[in-house]
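This report refers to the structure that appears directly beneath it.
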Amino acid sequence: TDSKIESVKVEIDDAKACTRFMSVRIDNVKVGNTPKFIKERLEAIGQRSINNIVDITNYVQFSLNKPMHAYDARSIKGTLRTRFAHKDEVLTTLDDQELTLNTKTLVIADEGKVLGLAGIKGGKFSGINDDTTSVILESANFAPAMIRKTAQKYGYKTDASKRFENGIANTLVEDGLLMTASLIKEHCG
């Protein structure tokens with residue numbers, strides 16, 4: 001085991017809604033330019049480059065058909081959990097949409113707040129920033145019908161939601177996590 005990769009505690013509240021959830025923390029990363037081969041491959045399929053960390057998660061998504069998500073570790077408090085939202089809980093998404101959630105909405109949360117719509121869209125306040133030095137990777141699998149209904153309810157059709165709606169093998173959760181962590185260690189400081 002590499003001492004630069006630490007375990008992160010994760011919990012699943014409903015094993016039918018989230019069939020597998022793995023996470024890892026990687027410290028001492030540098031957010032910066034994306035490796036040329038990754039940037040070129042993303043651009044070839046119409047994706048814009050954001051930064052090396054986000055681009056690596058997108059590269060893995062398109063390479064393995066496994067959506068990945070990276071959080072700025074500073075914004076995570078305690079355990080990462082898949083749970084259903086509390087009535088009228090609010091999430092501000094990465095694209096600045098403020099959503100009022102209902103109790104049928106599966107979310108990723110920490111001990112204090114909602115971090116994103118599970119399998120669909122991340123939250124603004126846990127995203128990767130230019131000064132991020134530690135990341136927490138999320139790799140999970142979600143019930144296809146639930147993702148479809150949630151994406152319709154909130155008006156989000158994302159590359160990730162399309163993949164989860166079609167169903168993903170649980171084995172890809174580990175494969176995606178390992179590939180993402182390996183690329184970040186190799187290309188992000």
Candidate pair Lys153 and Asn102, rule side chain to side chain contact (heavy atoms under 4.5 Å, CB included), full reasoning: CA-CA 10 Å; Lys153 175 173 180 29; Asn102 67 28; 2.8 Å; yes
Between the main-chain N or O of [Y] and the side-chain N or O of [X], is there a donor-acceptor pair closer than 3.5 Å?
X      : Y      : answer
Thr180 : Leu177 : no
Thr132 : Asn129 : yes
Asn51  : Asp130 : no
Glu89  : His86  : yes
Asp13  : Phe84  : no
Ser139 : Met68  : no

How about Thr105 and Tyr154: does a side-chain donor come under 3.5 Å of a side-chain acceptor?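 Tyr154 and Thr105 do have a side-chain donor-acceptor pair below 3.5 Å.
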Does a side chain donor of either Tyr59 or Thr34 reach within less than 3.5 Å of an acceptor in the other side chain?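 There is no such pair (donor and acceptor under 3.5 Å, judged by atom type) between the side chains of Tyr59 and Thr34.
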Where is the tightest heavy-atom contact between [X] and [Y], given as atom of each residue plus distance?
X      : Y      : value
Ser126 : Leu115 : OG-O, 3.8 Å
Ala85  : Leu101 : CB-CB, 3.7 Å
Ile12  : Cys18  : CG2-O, 3.3 Å
Cys188 : Ile53  : SG-CD1, 3.7 Å
Leu91  : Gly123 : CD1-CA, 3.8 Å
Leu172 : Lys66  : O-CG, 3.4 Å

Is the closest basic N to carboxylate O distance between [X] and [Y] below 4.0 Å?
X      : Y      : answer
Asp96  : Lys124 : yes
Arg81  : Asp110 : no
Glu165 : Lys157 : yes
Asp72  : Arg74  : yes

Do [X] and [Y] have side-chain heavy atoms sitting under 4.5 Å apart?
X      : Y      : value
Asp159 : Arg163 : yes
Leu99  : Val90  : no
His187 : Asn52  : no
Leu80  : Ile136 : yes
Tyr156 : Asp95  : yes
Leu183 : Val60  : yes
Pro67  : Phe164 : yes

So, taking the atom named [atom1] in [X] and the one named [atom2] in [Y], what distance separates them when rounded to the nearest 0.5 Å?
X      : Y     : atom1 : atom2 : answer
Ser182 : Ile26 : OG    : CD1   : 9.0 Å
Asp175 : Asn65 : CG    : CG    : 12.0 Å
Gln61  : His69 : CD    : NE2   : 11.5 Å
Ile56  : Ile50 : CD1   : CD1   : 12.5 Å
Glu43  : Arg48 : CD    : CZ    : 11.5 Å
Gln47  : Asn58 : CD    : CG    : 6.0 Å

Look at atom CD of Glu111 and say whether more than 12 heavy atoms of other residues, nucleotides or ligands are closer to it than 6.0 Å. yes
Within the supplied structure, the quantity of interest is the number of heavy atoms (other residues, nucleotides, ligands) at a distance under 6.0 Å from Lys30 NZ; does it exceed 12? no
Using the side-chain contact (heavy atoms from CB on, under 4.5 Å) criterion, which residues pair with Arg20? Sequence neighbours excluded. Met22, Asn170, Val173, Glu174
Going through the distances and angles, do Val29 and Ile184 end up as a side chain to side chain contact (heavy atoms under 4.5 Å, CB included)? CA-CA 8 Å; Val29 300; Ile184 288 173; 3.8 Å; yes
Apply side chain to side chain contact (heavy atoms under 4.5 Å, CB included) to the pair Thr82 and Val107, showing each step before the final yes or no. CA-CA 6 Å; Thr82 62; Val107 299; over 6 Å; no
Leu64-Leu42 co-clustered via ILVMFWY side chain contacts under 4.5 Å: yes
Apply side chain to side chain contact (heavy atoms under 4.5 Å, CB included) to Leu106 and Phe142, showing your working. CA-CA 9 Å; Leu106 189 66; Phe142 308 103; 3.6 Å; yes
Among Ile76, Val135, Ile128, which residue meets the side-chain contact (heavy atoms from CB on, under 4.5 Å) test with Tyr71?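 Of Ile76, Val135, Ile128, side-chain contact (heavy atoms from CB on, under 4.5 Å) with Tyr71 is met by Ile76 alone.
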